[in-house]
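One structure below.
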Amino acid sequence: MPTGSEVQLVLVDQNVVNENQNYSVYAGLEPDGTQITRGFDWDNLEMTIDERSEEGQNALSGTFTVDEDGQTVTFTTTEGAEVSFTVVDVEGVENQIDVTLNDTTFRLSLVDLYTIQQ
């Protein structure tokens, strides 16, 4: 590793990983330090989100739709709450997405499920 490099590690919530075998699981940090794990089932339009901060853990499941722009996602929780955010592939970087929620953008990386399930 080159001198001066920085690595940030985040917890990948195993409940999200085990929830649905079709999930594409992404993990990362929000700017405030909250650890995020998101599972997207693009075929069945299902999603699970796990957020962990110093205040505790928050887990949400539900369904989602993608607007015609291909970037705006509307997530509807099993309790009926709705939230919209954008998802954009990071240009020039494989397996990373930028998520923008309430004018805050954070980067999530695709988790190689094979490596954590062995």
Side-chain angles (χ1 to χ4, degrees):
M1 182 177 308
T3 303
S5 294
E6 182 178 317
V7 176
Q8 292 182 320
L9 301 176
V10 296
L11 174 73
V12 176
D13 183 73
Q14 291 300 301
N15 292 325
V16 173
V17 171
N18 296 327
E19 179 90 13
N20 181 329
Q21 296 299 317
N22 293 326
Y23 274 161
S24 297
V25 177
Y26 289 83
L29 292 172
E30 288 186 5
D32 67 1
T34 299
Q35 298 183 72
I36 300 289
T37 305
R38 289 190 184 208
F40 294 91
D41 180 341
W42 298 102
D43 294 331
N44 298 306
L45 299 177
E46 296 175 358
M47 183 188 312
T48 296
I49 301 171
D50 179 78
E51 303 171 326
R52 293 174 188 245
S53 67
E54 291 181 9
E55 287 80 41
Q57 178 182 3
N58 186 29
L60 302 166
S61 291
T63 59
F64 68 95
T65 59
V66 180
D67 285 357
E68 291 179 13
D69 65 7
Q71 297 178 347
T72 303
V73 175
T74 301
F75 174 56
T76 304
T77 67
T78 54
E79 291 82 22
E82 282 190 0
V83 63
S84 291
F85 54 90
T86 61
V87 176
V88 179
D89 290 329
V90 176
E91 189 173 325
V93 180
E94 286 189 39
N95 300 324
Q96 291 188 351
I97 57 175
D98 281 338
V99 175
T100 303
L101 173 66
N102 299 327
D103 297 323
T104 301
T105 300
F106 50 94
R107 185 158 293 174
L108 300 177
S109 299
L110 183 66
V111 177
D112 182 348
L113 297 179
Y114 180 78
T115 60
I116 63 174
Q117 292 177 340
Q118 297 302 312

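Since the model is a prediction, treat every value here as computed from it, not as a measurement. Heads up: numbering here begins at 1 and tracks the sequence.
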Identify whether [X] and [Y] are in the same connected component of the hydrophobic contact network (ILVMFWY, side-chain heavy atoms under 4.5 Å).
X	Y	result
Phe40	Val66	yes
Ile49	Trp42	yes
Leu110	Leu108	yes
Val83	Tyr26	yes

Shortest non-hydrogen contact from [X] to [Y]?
X	Y	result
Phe75	Phe64	CA-CB, 4.1 Å
Ser84	Thr74	OG-OG1, 3.1 Å
Met47	Tyr23	C-OH, 3.5 Å

Close side-chain approach of Asp50 to Asn15, heavy-atom, < 4.5 Å: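 Counting from C-beta outward, Asp50 and Asn15 never come under 4.5 Å.
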Would you please name every residue forming a side-chain contact (heavy atoms from CB on, under 4.5 Å) with Asp103, sequence neighbours left out? none
How would you list, by chain and number, every residue that makes a side-chain contact (heavy atoms from CB on, under 4.5 Å) with Asn58, sequence neighbours excluded? Glu51, Leu60
All N/O donor-acceptor pairs, side-chain side in residues 32-39, below 3.5 Å, sequence neighbours left out:
unit_1 : atom_1 : unit_2 : atom_2 : d
Asp32  : OD1    : Thr34  : N      : 2.9
Asp32  : OD1    : Thr34  : OG1    : 2.8
Asp32  : OD2    : Thr34  : OG1    : 3.3
Gln35  : OE1    : Leu11  : N      : 2.6
Thr37  : OG1    : Leu11  : O      : 3.3
Thr37  : OG1    : Asp13  : N      : 3.1

List the atom pairs, donor and acceptor, that lie under 3.5 Å between side-chain atoms in residues 95-102 and the rest of the protein, sequence neighbours left out.
unit_1 : atom_1 : unit_2 : atom_2 : d
Gln96  : NE2    : Ser109 : OG     : 3.3
Asp98  : OD1    : Arg107 : NE     : 2.8
Asp98  : OD1    : Arg107 : NH2    : 3.4
Asp98  : OD2    : Arg107 : NH2    : 3.1
Thr100 : OG1    : Thr105 : OG1    : 2.7

Residue pairs, two or more places apart or on separate chains, that pass salt bridge (Lys or Arg N to Asp or Glu O under 4.0 Å) and touch residues 56-82: none
Going by side-chain heavy atoms closer than 4.5 Å, which hydrophobic residues are tied to Leu29, directly or by a chain of links? Val10
Between the side chains of Asn20 and Asp41, is a donor N or O closer than 3.5 angstrom to an acceptor N or O? yes
